[in-house]
Chemist: 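The structure follows.
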Amino acid sequence: MIDSYRYDNSDLLDQRKFALAAITQFNQIDRESYEFCDQVIQTGVIGKLIEKYSEGGNMMEAFKEVNELYKDHLKNRP
């Protein structure tokens, strides 16, 4: 577990849950998954997606968007 996760506010915890839920729809969870979630949360990407889709949006579309980002992340890793 990443140490800072224990001390973050509930908004960031909700963002972590959202990112992991999106990935588990289509992938198995591994270390790379957690690192991806940390990256998209720290950069604000997940917060923006939650905001975008929370106003009457389709959460499965949001999950698909996260998974596309995850696929790109996997392709571009060293």
Side-chain angles (χ1 to χ4, degrees):
M1 172 178 256
I2 298 171
D3 288 336
S4 65
Y5 286 11
R6 287 183 261 171
Y7 307 109
D8 285 340
N9 64 37
S10 63
D11 288 341
L12 292 178
L13 180 59
D14 289 342
Q15 289 181 22
R16 285 186 187 86
K17 288 178 189 177
F18 179 84
L20 284 169
I23 291 173
T24 60
Q25 293 296 313
F26 305 100
N27 306 282
Q28 289 187 330
I29 297 298
D30 58 11
R31 181 181 179 97
E32 191 69 33
S33 304
Y34 285 101
E35 290 174 358
F36 165 77
C37 290
D38 185 54
Q39 178 186 359
V40 293
I41 290 164
Q42 296 300 323
T43 59
V45 171
I46 291 297
K48 290 175 185 171
L49 283 173
I50 290 171
E51 188 175 312
K52 174 182 174 182
Y53 286 99
S54 67
E55 298 175 10
N58 180 338
M59 280 305 177
M60 283 310 291
E61 288 301 315
F63 280 9
K64 288 178 185 176
E65 200 167 328
V66 173
N67 274 281
E68 289 304 314
L69 292 170
Y70 184 59
K71 287 178 189 176
D72 290 342
H73 170 79
L74 293 175
K75 286 181 193 174
N76 295 319
R77 66 182 175 199

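One-based numbering along the sequence shown.
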Chemist: Please name all residues satisfying side chain to side chain contact (heavy atoms under 4.5 Å, CB included) with Met59, sequence neighbours left out, ordered by chain then number.
Modeler: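 So Met59 forms a side chain to side chain contact (heavy atoms under 4.5 Å, CB included) with Phe18, Tyr53, Ala62.
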
Chemist: Partners of Arg77 by side chain to side chain contact (heavy atoms under 4.5 Å, CB included), sequence neighbours excluded?
Modeler: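 Once residues adjacent in sequence are excluded, the partners of Arg77 under the side chain to side chain contact (heavy atoms under 4.5 Å, CB included) criterion are Glu32, Leu74.
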
Chemist: Is it true that Glu68 and Lys71 make a salt bridge, defined as a side-chain N closer than 4.0 Å to a carboxylate O?
Modeler: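 Between Lys71 and Glu68 there is a salt bridge, with a charged N closer than 4.0 Å to a carboxylate O.
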
Chemist: Would a 4.5 Å heavy-atom cut-off, applied to side chains only, mark Glu61 and Lys64 as touching?
Modeler: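 Of all side-chain heavy-atom pairs linking Lys64 with Glu61, at least one is under 4.5 Å.
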
Chemist: Under 6.0 Å from the CD atom of Glu51, do we count more than 12 heavy atoms belonging to anything else shown?
Modeler: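 No, not enclosed.
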
Chemist: How long is the span from the CD1 atom in Ile46 to the NZ atom in Lys17, to the nearest 0.5 Å?
Modeler: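 Spacing of CD1 (Ile46) from NZ (Lys17) equals 14.5 Å.
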
Chemist: Roughly how far apart are Asp30 CG and Glu35 CD, rounded to 0.5 Å?
Modeler: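 If we round to the nearest 0.5 Å, Asp30:CG and Glu35:CD are 8.5 Å apart.
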
Chemist: Would you say the side chain of Leu69 lies within less than 4.5 Å of the side chain of Leu49, judging by non-hydrogen atoms?
Modeler: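 Answer yes - side chains close enough.
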
Chemist: Just verifying a value: how many Å separate Asp38 CG and Phe36 CZ, rounded to the nearest 0.5 Å?
Modeler: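 Result: 11.0 Å between the selected atoms.
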
Chemist: Leu20: what forms a side chain to side chain contact (heavy atoms under 4.5 Å, CB included) with it, not counting sequence neighbours?
Modeler: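 For Leu20 the side chain to side chain contact (heavy atoms under 4.5 Å, CB included) partners, ignoring immediate neighbours, are Ile29, Tyr34, Cys37.
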
Chemist: I need the minimum non-hydrogen distance between Ala19 and Val66, along with the two atoms involved.
Modeler: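 Taking Ala19 first and Val66 second, the nearest heavy atoms are O-CG1, 4.4 Å.
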
